[in-house]
Protein chains: 2
Amino acid sequence: MLDVAATAGVSVATVSAVVNGTAPVSSELRGRIENAIAAIGYKRNAIARSLKTGATKTIGLVIADITNPFFTDVVAVIQDVLHRAGYAVMLCCTDEDPVQQEEQISLLLDRMVDGLIIAPAGDDHALERVLQRAGIPTVLIDRISHGIAADAVVLDNQRAVQDAIDYLVGLGHRRIGYISGSLDTSTGLGRLTGYRGALDNAGIPQDDALVRIGNFREKDAYNAAMQLLVMPERPSAIFSANNLMVIGVMKAIRDMGLRCPDDISVSSFDDFPWADVFQPNLTTIAQPVQAIGEHAAQLILDRLANRSDRPPRQIVLSGRLTIRSSCRPFSAADGG
Amino acid sequence: MLDVAATAGVSVATVSAVVNGTAPVSSELRGRIENAIAAIGYKRNAIARSLKTGATKTIGLVIADITNPFFTDVVAVIQDVLHRAGYAVMLCCTDEDPVQQEEQISLLLDRMVDGLIIAPAGDDHALERVLQRAGIPTVLIDRISHGIAADAVVLDNQRAVQDAIDYLVGLGHRRIGYISGSLDTSTGLGRLTGYRGALDNAGIPQDDALVRIGNFREKDAYNAAMQLLVMPERPSAIFSANNLMVIGVMKAIRDMGLRCPDDISVSSFDDFPWADVFQPNLTTIAQPVQAIGEHAAQLILDRLANRSDRPPRQIVLSGRLTIRSSCRPFSAADGG
DNA sequence: TTGTACGCGTTATCAA
DNA sequence: TTGATAACGCGTACAA
């Protein structure tokens with residue numbers, strides 16, 4: 001910028017004024033300056049700018065797993081909206097580990113991101129403290145941590161799972177296995193509550209042996225499903241609380257020499273783009289990824305624009321049960 | 001840092017010395033300073049540091065599509081290695097669009113990333129110029145742009161596709177449809193070359209009508225496959241040049257009332273984690289995503305460490321044909 | 001309308 | 001071993 005000022009024969013203040021359009025400059029000088037900028041190939045140094053303004057125009061995005069199609073869909077939307085608004089986004093993955101989560105957030109905070117969008121891993125109080133000390137706008141997505149008063153966009157998990165289980169019950173299933181996510185998360189909890197609620201509504205007694213923890217991961221879900229499948233009286237249907245886990249469930253079913261939906265019905269949370277071309281066509285709960293991403297981005301943008309300390313907003317969206325062909329009617333006579 | 005120095009009763013230089021361990025400090029002062037740091041809750045400002053040192057400890061990662069499982073797998077590995085080395089990574093998506101690509105790179109450059117890892121979209125000369133002017137370490141992954149002399153890690157695309165087509169030919173297929181990626185990319189080109197080479201080796205005449213451009217996207221591939229399927233003498237097998245496109249191919253097959261592999265065999269580039277649990281079990285070319293990510297991260301780290309202008313290194317890895325059950329033997333008697 | 005000069009939080013150089 | 005001070009590149013009062 002010094003160079004530009006020198007070659008244009010003006011002061012740096014004037015150059016700054018035209019670069020930022022912050023003050024009126026005579027068209028003659030503006031021309032000289034613009035020429036000089038083009039000639040030198042000058043680009044404003046965002047680091048120095050950030051140091052001065054205290055804003056990096058960067059926001060941190062923390063998710064559990066970049067390999068999970070649900071998260072990537074949401075990330076794509078968020079990035080799109082934020083980029084359009086002039087923000088860069090820094091993406092970090094926690095691998096569902098609270099320790100890594102703290103490291104990643106610390107990394108982001110070090111780099112002075114202006115805001116944070118987080119899908120929390122674990123209901124850790126550490127997160128609460130870190131966020132408090134950070135003192136920057138934060139929006140929680142997918143999962144919320146109780147005790148953290150922040151903007152959030154979540155799903156009505158309970159309602160969604162209840163719909164799915166209602167559907168299975170309507171098909172005649174009474175022994176429905178449930179592969180749960182980690183109960184340290186609001187999603188894990190909410191979805192399980194939906195399962196239990198549906199059972200209660202249908203007058204089906206709860207059987208704890210039918211509920212296994214899969215921690216939202218394929219491998220754990222595989223083991224969990226295995227335990228379900230070797231039961232003397234195995235369930236006639238299995239519901240998986242997310243997309244990664246249903247892969248594990250299907251592998252377990254295959255390895256046990258069973259077939260879906262002939263021998264066992266399967267349904268899961270989260271949709272796949274290929275769900276209606278590959279067999280079995282999975283009956284799933286599709287999340288409104290587009291809306292989730294847009295709302296999350298908009299919430300953080302609002303906070304960034306209005307420093308006002310108005311109360312946190314929580315946006316609750318609905319999932320949509322998408323019925324395909326992985327679930328079969330069942331009657332007791334089918335054995336099992 | 002001023003505050004720390006004040007409360008510890010020392011100069012900022014001394015504080016800096018203990019924070020960075022850059023100069024020996026008497027244990028007494030060190031103690032005072034560490035206490036002061038703890039008391040104040042001081043955290044070093046990375047922005048100011050970057051302004052001074054000229055390094056942001058951040059590297060930019062540019063891919064086409066965060067929704068593509070191949071890219072996400074690679075990104076996960078790269079992030080892991082780079083984080084471990086103390087670098088943050090800023091992820092951007094180009095959506096296969098050279099214009100967006102230039103914008104995203106510009107965004108990254110503005111923020112003074114120390115290095116760039118790019119999966120180029122289009123063989124654009126613009127990229128060459130941008131990179132040249134950027135003057136920072138760059139490694140290309142997946143695709144290379146001719147004329148850009150940079151470190152790169154790519155696949156032997158030609159060999160891999162040739163293996164797959166050889167396999168189909170061995171099964172008796174002679175009319176093999178090919179859904180190509182954009183021919184502006186080295187991958188699109190290399191893979192098509194593999195297809196043509198395999199045909200030549202087998203003495204099968206080239207039929208341009210069997211080659212359709214799908215631009216690496218599901219929707220375009222759907223249309224391309226449709227054109228193949230309505231041909232009077234439709235192909236007995238289709239090869240798709242990537243993972244997104246094979247979904248489109250399968251949708252086209254379904255919409256035409258055809259079945260795979262009964263009516264038509266299908267194979268594709270890129271593997272899926274669920275490929276052997278959902279039907280048809282796709283025969284694919286699996287890329288060594290772990291190795292790609294590790295090499296890419298290592299190359300950029302090397303460049304960052306040694307400013308030496310040693311010649312660019314190109315690492316070429318091999319794909320692995322993974323045979324499942326989406327391809328059937330074919331004889332002319334089968335009709336078609 | 002334009003220019004001067006200071007400060008943002010660090011690090012690096014040099015002198016003490 | 002420690003401290004004073006000059007950059008790093010930019011924005012912005014304030015003065016002209």
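Every chain is numbered from 1, with letters handed out A, B, ... down the list of sequences.
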- Message: Applying a 4.0 Å non-hydrogen cut-off, can you work out what A:Leu29 is touching in the nucleic acid: base, sugar-phosphate, or nothing?
- Response: sugar-phosphate
- Task: May I ask you to verify whether the side chain of B:Lys52 and the base of D:dA7 hold a donor-acceptor pair under 3.5 Å?
- Result: yes
- Message: Nearest whole Å is fine: how far is D:dT1 P from B:Arg32 CZ?
- Response: 16 Å
- Message: Whether A:Asp151 and A:Arg303 form a salt bridge (side-chain N of Lys/Arg under 4.0 Å from carboxylate O of Asp/Glu) is what I want to check.
- Response: yes
- Message: Please confirm whether the shortest side-chain N or O distance from B:Thr53 to OP1 or OP2 of D:dC8 is below 4.0 Å.
- Response: no
- Task: Take the protein atom CE of A:Met112 and the nucleotide atom P of D:dC10, then report the distance between them rounded to whole Å.
- Result: 20 Å
- Think A:Arg49 has a side-chain N or O under 4.0 angstrom from the OP1 or OP2 of C:dC8? no
- Check whether any side-chain nitrogen or oxygen of A:Asn45 sits under 4.0 Å from OP1 or OP2 of D:dC8, and answer yes or no. no
- Message: Is the phosphate of D:dC10 approached by A:Ser50 (side-chain N or O, under 4.0 Å from OP1 or OP2)?
- Response: no
- Think B:Thr14 has a side-chain N or O under 4.0 angstrom from the OP1 or OP2 of D:dT2? no
- Item | Selected nucleotide, minimal atom distance to B:Ala13 side chain, candidates C:dT11, D:dC10, D:dA4 | D:dA4
- Query: So what does A:Met1 touch, heavy atoms closer than 4.0 Å: a base, only the sugar-phosphate, or nothing?
  - Reply: sugar-phosphate
- Message: Heavy atoms only, 4.0 Å cut-off, all strands: where does B:Val10 land among base, sugar-phosphate and nothing?
- Response: sugar-phosphate
- Task: Would you please confirm or rule out a distance under 4.0 Å between OP1 or OP2 of C:dT2 and any side-chain N or O of A:Ser11?
- Result: no
- Query: Which value, rounded to the nearest 0.5 Å, describes the distance between A:Leu51 atom CG and B:Lys52 atom NZ?
  - Reply: 12.0 Å
- With no hydrogens and no angle check, do the side chains of B:Thr58 and A:Arg111 hold a donor and an acceptor under 3.5 Å apart? yes
- Task: To the nearest Å, give me how far apart CG (B:Asp3) and P (C:dG9) are.
- Result: 9 Å
- Item | A:Asp302 bridged to A:Arg313 by N-O distance under 4.0 Å | yes
- Message: One thing to verify: whether A:Arg143 and A:Glu96 come together as a salt bridge, which I'm taking to mean a side-chain N less than 4.0 angstrom from a carboxylate O.
- Response: yes
- Along DNA chain D (nearest heavy atom to each residue), the more 5'-positioned of B:Pro24 and B:Ala48: B:Pro24
- Quick note, A:Ser26 side chain, CB onward, closest among C:dG9, C:dT1, D:dG11 is C:dT1
- Query: In whole angstroms, how far is the P atom of D:dT2 from the CZ atom of B:Arg30?
  - Reply: 9 Å
- Query: Are B:Ile117 and B:Val62 side-chain neighbours, meaning at least one heavy-atom pair lies under 4.5 Å?
  - Reply: no
- Atom pair distance, as rounded to whole Å: NZ in A:Lys57 and P in D:dC10: 18 Å
- B:Arg44 atom CZ is separated from C:dT11 atom P, nearest whole Å, by 6 Å
- Task: Just compare D:dT2, C:dA12, C:dC8 and give me whichever is closest to any side-chain atom of A:Leu51.
- Result: C:dC8
- Message: Distance check needed: C:dG9 P versus B:Lys43 NZ, whole Å only.
- Response: 16 Å
- Query: In whole angstroms, how far is the C1' atom of D:dC10 from the CD1 atom of A:Ile33?
  - Reply: 15 Å
- Item | Of A:Ala23 and B:Tyr42, the one whose closest DNA chain C nucleotide lies more 5' | A:Ala23
